[in-house]
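To start, the structure under review is shown below, and the notes come after it.
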Amino acid sequence: MKYIETSSGLWEVVIGLEVHAQIISESKLFSSASTKFGVSPNENVSFVDAALPGVLPVINSFCIDQAIKTGLGLNGSVNLKSYFDRKNYFYADLPQGYQITQFHHPIISGGHVEIETEDGEEKKVCLDHIHIEQDAGKSIHDQGPTKSFIDLNRAGIALMEIVTKPDMRTAEEAASFLRKLRSILRYLKTCDGNMDEGSMRADVNVSLHRPGTEYGTRAEIKNVNSIKFLITAVNYETERQIALLEAGKEVEQETRLFDSSTGKTVGMRSKEDANDYRYFPEPDLPPLILEQSRIDAIRETIPELPDAKAARLQRDYSLSHYDACLISSEKEVADFYERAVVSIDSNENIAKILSNWITGELFALFNKYSTDINNSRISPEHMGELVILIKTDIISGKIAKDVLELMWETGESPSNIVEEKGLRQIVCSDTITESLREVLAQHADKVEEYKNGKDKLFTFFIGQAMKKTQGKANPQMLNEILKKLLSE
Ligand code: ADP
Ligand code: MG
């Protein structure tokens with residue numbers, strides 16, 4: 001159910017996103033300055049970025065290749081001819097006094113991204129276009145009481161603006177879109193998707209209307225830089241606009257800011273006093289003309305993307321749809337998984353357990369040590385081996401968790417750890433029977449209680465016997481033998 005019901009009837013939310021994605025490239029869009037993140041202020045500034053008189057922009061052809069690759073990966077069509085425009089406005093962190101952007105004729109038209117809605121349905125979110133533009137610098141106001149500072153490291157960095165159609169209907173759909181988009185861009189290696197470093201941020205357009213009527217007036221929330229904020233901002237904006245409309249007022253077409261400390265959006269400027277950007281064709285750059293052969297060559301470099309990969313994992317390894325999507329959302333995780341699977345002589349059952357161990361226990365270790373798959377201290381081959389040890393009853397799942405920790409600490413193979421530490425599971429029924437008999441003898445009173453109906457004591461006996469065997473008794477055998485002993 002996508003509608004919101006209030007006492008006055010049904011409302012529908014309409015959302016469209018304009019996502020700014022920083023292109024992965026060593027140098028900027030129109031200069032040779034570095035794009036490295038985290039360096040000292042103004043370290044990466046060339047004469048072009050500082051807009052010294054007489055300098056001219058030169059198109060970085062790698063950035064163009066990256067935008068083409070993105071367009072193809074998002075099912076768009078590449079325009080063989082596109083242009084750059086000047087968007088004029090004065091701002092301290094924009095030394096040129098204008099931004100070079102593609103306003104009228106973008107490099108990519110159309111495209112779409114497949115998402116899954118809350119009800120588990122497939123949905124296509126269509127793209128309007130993708131254009132290329134340069135980023136601005138950053139004003140810094142919190143370094144001194146009387147001064148503001150400018151850091152131009154970002155000035156001139158290549159951005160793609162990915163503009164959707166107003167196709168999303170809930171905050172969760174918008175979040176799914178942004179997650180999927182981020183995943184695809186990371187597969188393509190055209191944007192690293194680091195929202196906390198500002199490499200990806202979204203302007204969020206939200207409007208409300210009665211189902212079946214024309215779309216309402218939208219408010220645009222600028223620079224939302226996390227998926228959590230996106231959801232909060234849309235929900236806040238929905239409530240704000242419904243309250244206005246139900247009070248008989250109108251929603252103003254305006255730009256708003258999201259305040260992450262309050263979870264609210266606040267008005268910034270209305271359309272009436274919107275800037276007149278006086279766009280005109282950038283005279284310092286020729287039209288961007290592309291050869292079809294260049295586009296074809298880039299198409300060849302596009303890797304298997306998350307949806308296709310998830311479908312294949314589901315087919316080849318009988319993973320559930322959910323697990324296949326989880327594993328495929330990051331290319332590095334999918335690569336790790338596939339290396340682990342091929343390293344063992346796997347059957348479907350093992351492939352499934354392997355995916356659970358990676359997304360469950362291994363991810364938990366990454367969390368614990370604040371790291372990720374790229375810095376995993378456990379190799380895919382060792383992960384595969386661990387699952388084989390579990391599957392062949394050499395160790396129990398419980399012991400395997402300890403072994404995994406030791407693998408992380410030592411880098412040793414799980415088999416070595418199991419042998420060295422003597423962690424092999426006890427599958428000898430005599431040994432298990434003996435430890436159980438000891439437990440029952442020590443707790444004769446509890447055995448009485450059990451026989452008088454206190455069933456819960458069963459797990460107590462199991463726990464005691466596990467302790468006696470340092471957790472190494474085969475749990476299933478332990479259960480069966482205890483049952484037998486208690487019924488004697
Ligand atoms: P403009 O050119 O005035 O900025 P666009 O047509 O480019 O408007 O739309 C900008 C963004 O706003 C797009 O992502 C689009 O999907 C979204 N959008 C347009 N109309 C609406 C609406 N009524 N409600 C929500 N989003 C909208
Ligand atoms: Mg726009």
Side-chain angles (χ1 to χ4, degrees), residues 2-4 10-21 70-71 74-76 79 82-83 85 87-89 99 101-113 115 123-133 159-178 180-182 200-225 230-231 233-242 244-245 250-258 265 267-280:
K2 288 174 188 140
Y3 302 141
I4 296 167
L10 298 179
W11 291 106
E12 184 175 48
V13 189
V14 173
I15 306 162
L17 301 184
E18 296 162 273
V19 181
H20 287 91
T70 304
L74 296 174
N75 313 293
N79 297 315
S82 63
Y83 298 86
D85 300 286
K87 179 182 183 179
N88 296 279
Y89 62 101
Q99 179 193 30
T101 179
Q102 296 189 306
F103 185 60
H104 292 294
H105 302 279
I107 184 165
I108 308 291
S109 298
H112 65 261
V113 171
I115 62 163
K123 172 170 178 166
K124 251 184 208 172
V125 173
C126 291
L127 303 183
D128 185 81
H129 72 271
I130 303 173
H131 69 255
I132 304 174
E133 62 186 29
L159 301 178
M160 297 179 279
E161 184 171 330
I162 301 166
V163 182
T164 77
K165 300 279 188 193
D167 278 358
M168 289 151 280
R169 293 292 174 269
T170 64
E172 196 39 61
E173 276 182 23
S176 299
F177 169 80
L178 203 55
K180 181 55 98 41
L181 178 67
R182 181 174 180 277
M200 200 170 155
R201 47 195 200 263
D203 298 343
V204 185
N205 297 274
V206 181
S207 69
L208 275 129
H209 71 147
R210 297 288 189 190
T213 66
E214 273 186 27
Y215 288 167
T217 306
R218 69 193 157 96
E220 178 180 1
I221 310 153
K222 279 283 179 202
N223 279 332
V224 176
N225 65 354
L230 169 69
I231 294 174
V234 171
N235 288 337
Y236 177 82
E237 198 50 31
T238 303
E239 279 180 29
R240 186 187 72 88
Q241 292 187 17
I242 289 181
L244 278 175
L245 295 167
E250 287 188 352
V251 173
E252 239 194 291
Q253 180 162 350
E254 63 175 350
T255 306
R256 299 178 69 84
L257 279 183
F258 176 68
T265 66
M268 192 166 99
R269 56 170 188 261
S270 73
K271 204 71 179 177
E272 264 117 86
D273 44 59
N275 291 306
D276 175 2
Y277 294 119
R278 293 175 296 117
Y279 283 99
F280 63 84

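Remember, it's 1-based here, ligands and their atoms both numbered in the order they're listed.
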Numbered atoms of ligand 1 (with element) below 4.0 Å of Gly216, judged on heavy atoms: 23 (N)
Residue selection (non-hydrogen contact nearest atom 24 (N) of ligand 1) among Ala219, Pro166, Cys126, Ser207: Ser207
Heavy-atom side-chain contact between Gln102 and His129 under 4.5 Å: no
Arg218, Lys222, Arg240 screened by salt bridge (charged side-chain N to carboxylate O under 4.0 Å, His left out) with Glu254, the one that passes: Arg240
Which segment of Glu220 sits under 4.0 Å of ligand 1 when only heavy atoms are counted: neither
Atoms in ligand 1 with a heavy atom of Tyr215 nearer than 4.0 Å: 23 (N)
Donor + acceptor pair across side chains of Arg201, Asn225 (<3.5 Å): no
Nearest neighbour of atom 16 (O) of ligand 1 from the list Thr164, Ile162, Asp203, on a heavy-atom basis: Thr164
Location of contacts on Val163 toward ligand 1, heavy atoms closer than 4.0 Å: side chain
Parallel, tilted or perpendicular: ring planes of Tyr89 versus Tyr277, cut at 30 and 60 degrees: perpendicular
Location of contacts on Leu17 toward ligand 1, heavy atoms closer than 4.0 Å: backbone
With Thr238 via side-chain hydrogen bond (donor to acceptor under 3.5 Å, both in side chains) - residues at least two apart: none
Those atoms of ligand 1 less than 4.0 Å from some heavy atom in Lys165: 16 (O)
By side-chain hydrogen bond (donor to acceptor under 3.5 Å, both in side chains) - contacts of Tyr215 (at least two apart): Arg169
Contact check: Gln253 vs ligand 1, nitrogen or oxygen atoms, below 3.5 angstrom: no
Side-chain ion pair, Glu133 and Lys87, N-O less than 4.0 Å: no
